[in-house]
Amino acid sequence: MTVTNLLQDTPFDTFRPGQEEVISAILSGRDTLAVLPTGSGKTLCYQLPAGIMPGLTIVVSPLVSLMDDQVTQLKMNGFQRVAALHGNKPPAEKKRIWQKLHLLKLLYVSPEMLAVEKIRSQFKKINVPLLVVDEAHCISQWGHEFRPDYQNLGRFRKELGEPVLLALTATASERVRSDIMSSLNLQNPVIEAHSVNRENIFLAIETQHDPQSRQQRLMELVTSAAKPCIIYTGTRRDAEVWSSLYKGASAYYHGGMHAEDRNSIQGQFLYNEIDVLFATSAFGMGINKPDVRSVIHGYMPPSIEQYVQEIGRAGRDGERAIAYAVLAESDFVLPWHFVEMEIPGQKWLQEELLPASETPGKLEELIEGAPFAEHTTSLLRSHLIKAKAKGSERKRIERLMTHFEQRRRERSQQIQKMTDFVHAPSCFRKQVLAYFEEEPFAADKWCCSNCHPVPKLSSALVKLESTVGWQALLKQKLHVGAEQNET
DNA sequence: CGAGCGCATTCTAAAATGCGCTCGGTGCTTTAGT
């Protein structure tokens, strides 16, 4: 039986690029790292094997909303033996899932769920042939500081008896790939990687001296930009203020809002009731809106990876789009502040933490009052207070110091590379590809502001309707019936 | 680091200036049940 025959029981006729390779690798028992662009049907890569392999496939997913979306999509496609287990579920439903665990083929969970001892022990009792880590770049992007449970997935896998592992993501530099592989303990995995290059997105970057002129320029750009348009901001306040300053209809979106409001705004943007959205980096993961024509950055992302992820939300339909960044001097400072807030420096470690560890009770007091982000405080707490029973204190502090030093170095390098990137006079596309260690490529006319004059944002749409539009339309017609649900 | 806020100061007033303080991004979880 060939892998293609497996499509018989699905709504699909053919595989998209990469899917067949990934599925074959999994079915032959190989660990797989799949770096596939959004829109390439990543869900099928584990849905098919999960249906075939005996037992329960566990999918680790970063967001509750993402889990629920996937479950809804799969059920709509006729795949019923699937559920999501998370804290927003009413207790009665959670209980039902536990009782029917043996009837399920796919179960979505968060990494935090897997950190709960009682939950892990339940999973250890059943047969788990395949463990999937969706949006696997989170291991590297969030796992070190923000969501440390991402670092424990490797241990969880070992506890389950080393099931086959599939790591899925849309963007992963060499650094992120090796981070994923070492964290999940992937031995000699099959790597199915496709280019991060998005030929249809024009890259433009400019720097204004002061925040006022940036704000003014940003407003001009948003006004003339082809819609729908996402404007990424560095702070929640900027998202709110700029949204109120913008003359047309717009909305804002950030992590400090109530879930209902976030859902409602997201829905309105998805269904074109709002075509201008000012958002922090909270917006985007798992959002599949094909026709976003412009992504405008009013802040500098802390890494090239994050920049690529955010601009990648434009032009998913393959038609032309523009990614525009308008930066101000102050933007180059903000990411350094987040490093300061999350990773204790040598000075604090040497002059505060080390002396405090000599006096009983002083350590707790120092950690609770430390000037760091909440998740950093809890990391210090769990490493130095809760873990007190084992090992010498001095040794544990020294290990932490080495760890923090390395993390500061890594984060600093990412920020520095991003800063160098926006200032460089050479082709932005070539720079991005070089960062991802891909072959150099410069698009003919639709490339970047260092290669060509920036086209008028609104012209993107016009051009598409007259020239590229009919081709896309034809392609769509020819593929009717073969379309897969994007996940 | 630096933007933005409240507050005090400042030539009897009013608006402007300056000081010190605060804040700045991403999300998950606390199984159930007599």
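Quick note on labels: first sequence line is chain A, next is B, and so on, each numbered from 1.
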In chain order, what residues pass the side-chain hydrogen bond (donor to acceptor under 3.5 Å, both in side chains) check against Asn88(A), with sequence neighbours excluded? none
Who are the side-chain hydrogen bond (donor to acceptor under 3.5 Å, both in side chains) partners of His375(A), not counting sequence neighbours? Glu342(A)
Take atom [atom1] of [X] and atom [atom2] of [N], then tell me their distance rounded to the nearest Å.
X         : N       : atom1 : atom2 : value
Ile415(A) : dG25(B) : CD1   : P     : 15 Å
Met257(A) : dG27(B) : CE    : C1'   : 16 Å
Glu374(A) : dG27(B) : CD    : P     : 14 Å
Phe283(A) : dG25(B) : CZ    : P     : 17 Å
Trp242(A) : dG24(B) : CH2   : C1'   : 13 Å
Arg313(A) : dT26(B) : CZ    : P     : 12 Å
Asp210(A) : dC1(B)  : CG    : C1'   : 16 Å
Leu66(A)  : dT26(B) : CG    : P     : 17 Å

Verify the stacking flag for Phe146(A) against dT26(B): centroid separation must be under 5.5 angstrom and the ring planes must differ by under 30 degrees. yes
Ring-on-base stacking dG25(B) with Phe338(A) (under 5.5 Å, under 30°): yes
If you measure only the distance, is there a donor-acceptor pair under 3.5 Å linking the side chains of [X] and [Y]?
X         : Y         : value
Arg157(A) : Asn185(A) : no
Ser264(A) : Gln268(A) : yes
Ser250(A) : Ser243(A) : yes
Gln414(A) : Gln416(A) : no
Gln141(A) : Tyr150(A) : no
Thr171(A) : Glu305(A) : no

Ring pair (Phe, Tyr, Trp, His ring centres under 6.0 Å) pairs touching residues 108-140 of chain A, sequence neighbours excluded, are Trp98(A)-Phe123(A)
With sequence neighbours left out, which residue pairs that include part of residues 210-243 of chain A fulfil the ring pair (Phe, Tyr, Trp, His ring centres under 6.0 Å) condition? Tyr232(A)-His297(A)
Could you tell me which residues satisfy side-chain contact (heavy atoms from CB on, under 4.5 Å) with Gln431(A), sequence neighbours excluded, listed by chain and number? Phe421(A), Ala424(A), Ser426(A), Phe428(A)
Could you check whether [X] gets within reach of a base, just the sugar-phosphate, or nothing at all, counting any heavy atom under 4.0 Å?
X         : value
Glu342(A) : base
Arg96(A)  : nothing
Pro335(A) : nothing

Determine: side-chain N/O of Arg262(A) to OP1/OP2 of dG27(B), distance under 4.0 Å, yes or no. yes
Every protein N/O lying under 3.5 Å from an N/O of nucleotides 20-23 of chain B:
none

Expressed as a whole number of Å, how far does the [atom1] atom of [N] sit from that of [M]?
N       : M       : atom1 : value
dT17(B) : dC11(B) : C1'   : 15 Å
dT26(B) : dA32(B) : C1'   : 32 Å
dG4(B)  : dG25(B) : P     : 14 Å
dG33(B) : dG27(B) : P     : 31 Å
dT9(B)  : dA14(B) : C1'   : 13 Å

Asp331(A): which residues meet the salt bridge (charged side-chain N to carboxylate O under 4.0 Å, His left out) condition with it, sequence neighbours left out? Arg214(A)
Provide a list of protein-nucleic acid N or O atom pairs under 3.5 angstrom, restricted to nucleotides 2-7 of chain B.
none

Give me each pair satisfying salt bridge (charged side-chain N to carboxylate O under 4.0 Å, His left out) with a member in residues 106-119 of chain A, each pair once, sequence neighbours excluded. Glu112(A)-Arg147(A), Glu117(A)-Arg120(A)
Could you list all the salt bridge (charged side-chain N to carboxylate O under 4.0 Å, His left out) pairs where at least one residue sits in residues 122-139 of chain A, not counting sequence neighbours? Lys124(A)-Glu159(A)
Here the helical stems involving DNA chain B, each at least 3 consecutive Watson-Crick or G-U pairs closer than 3.5 Å, sorted by first residue number, are B:1-10 with B:15-24
What does the B/S/- profile of nucleotides 29-34 of chain B look like, 5' to 3', with a 4.0 Å heavy-atom cutoff to protein? SSB-S-
Ignoring the backbone of Arg147(A), work out which of dC28(B), dT26(B), dG25(B) is nearest its side chain. dC28(B)
If you define the side chain from C-beta out and look only at heavy atoms, does anything of Ser173(A) sit under 4.5 Å from Glu437(A)? no
